[in-house]
Amino acid sequence: MESLDEIKARIEDAVPGAKIDIVPNPGPANQPSLLIDNEHAPAIAQFLRDDPALRFDFCSNVTGVDWLDRTVKKTVKVKKLIDGEEKEVTETTEEHFPGYLEAVYHLYSMTHKQGPVIIRMRTADRVAGARLPSLTSIWRSAELQEREIFDLYGIRFEGHPDLRRILMWDEFVDHPMRKDYREPDDYEYEPTPHDDVLEKAKQHYAPRPQLDGAEQITAKL
Amino acid sequence: MSEIDEALRNELQRQGVWVTSMQELYNWGRKNSIWPLQFGLACCAIEMIATAASRYDIARFGGEVFRPSPRQADLMIVAGTVTKKMAPQIVRLYNQMPDPKYVISMGACAISGGPFKQGYNVLKGIDRYIPVDVYIPGCPPRPEALLHAFMELQRKIDSQKLTGASRAEHLDPAEPSEFPVPSFGEHDLEPPANRDVFHPAKIERQS
Ligand code: SF4
């Protein structure tokens, strides 16, 4: 299979204007992926599927990722001139990254027995801008999985033929796989609570009987 | 209907006279022909299927006629994970079963939510909405455990009274045989439990 850099270069040739980044994966799996821009995503997907050398005709898996707002603190030592003397000062910079949602597609080629190539798309934010183009028209197998991402992460896939909830009921309002989701509190009976479940269960403990004030009576000598 | 002295009955039986009571005969017939409702929910259902197949053979106990309609079933084996999306359907099926009806709650999931207890989507025990006769712990319980539960249920049926103040629930018009079906709320089922049915153990704890 061509390397990811080669694929990236060929996509940029074939789809003018496409913006593609390679996202490295520092984990043991070491599977870097292609971050593609939303506007050209359908064209890029079509190219990956139809190019005779690539032919990624099988989308095996689509999944969502939730990235919360992050603040990264960096501490650097810099040399500065203070009162004419050169001193080493530590400086802390804070960088703020707004949160976003991601859809990740794993592609294989049945024709050439190769893969996977992983592509990602990012939403603008986690609220109103949580929209991505649907790739169901390219890979039919993405239909149910995009519905699942819509249900659990709340990404709206534009152009999806049937975007309804799939696992939760239609009346449900939350997106349970988001990292800031809080499940309903129905832990009133918990035989062996511990850690944060214990904290939750404590709210359901029956209050101890009120003291009747007798403990305040002291003998007057 | 007075109780017969056990010794006298044995003596009579030795002489070739078999004495019984209406209640005994009736319960004997009922307990040896329990038709379960044919449905399974998750991995526990595989064990239930194994129980019904030839190796474990639930037919030895008269429970082999799995009915695909609640109208013909006596026993609901809740075998597996009850998701919140599924729970109203389970209650509805229970309501559609004719009296007398019994429920076996099979496996950790059906008892309490099991491995998914801390999740958002699984009902934490079917006994929140319908009364359960026999609980089987395990994940999954072996077929022998289901057979044991089945025998426990037979023992229960055998001991049920037909008349009097302590008669079986299905013979008491004051006892409900249908329970409200929960509805889908915005965050959870509503109500999250039926307080008339659900009586969790009270644990004294210091906060
Ligand atoms: S109790 Fe265990 S085996 Fe049974 S349904 Fe739940 S997870 Fe599956």
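Heavy atoms only: backbone and side chains are in, while hydrogens, waters and symmetry mates are out. To find a chain, count down the sequence lines: A is the first, B the second, and so on, and within it residues start at 1.
- Nearest heavy atom pair, residue A/Glu183 against residue B/Gln118, reads OE2-O, 3.8 Å.
- Residue-environment remark: CD (A/Glu171) exceeds the threshold of 12 foreign heavy atoms within 6.0 Å.
- With a 6.0 Å radius and a threshold of 12 heavy atoms from other residues, nucleotides or ligands, A/Lys74 has its NZ atom at or below the threshold.
- Residue B/Arg155 qualifies as enclosed at atom CZ: its count of foreign heavy atoms under 6.0 Å is above 12.
- In this structure, A/Phe172 and B/His187 have perpendicular ring planes: the angle between them is above 60°, well past the 30° mark.
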request  = Starting from the C-alpha separation in whole Å, work towards a yes-or-no answer on side chain to side chain contact (heavy atoms under 4.5 Å, CB included) for B/Tyr120 and A/Met168.
outcome  = CA-CA 10 Å; B/Tyr120 55 90; A/Met168 305 308 284; 3.7 Å; yes
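- Atom CD of B/Glu169 sits in a sparse spot, with 12 or fewer heavy atoms from other residues, nucleotides or ligands closer than 6.0 Å.
- The backbone N or O of B/Lys84 sits nowhere less than 3.5 Å from a side-chain atom of A/Trp169 that would complete a donor-acceptor pair.
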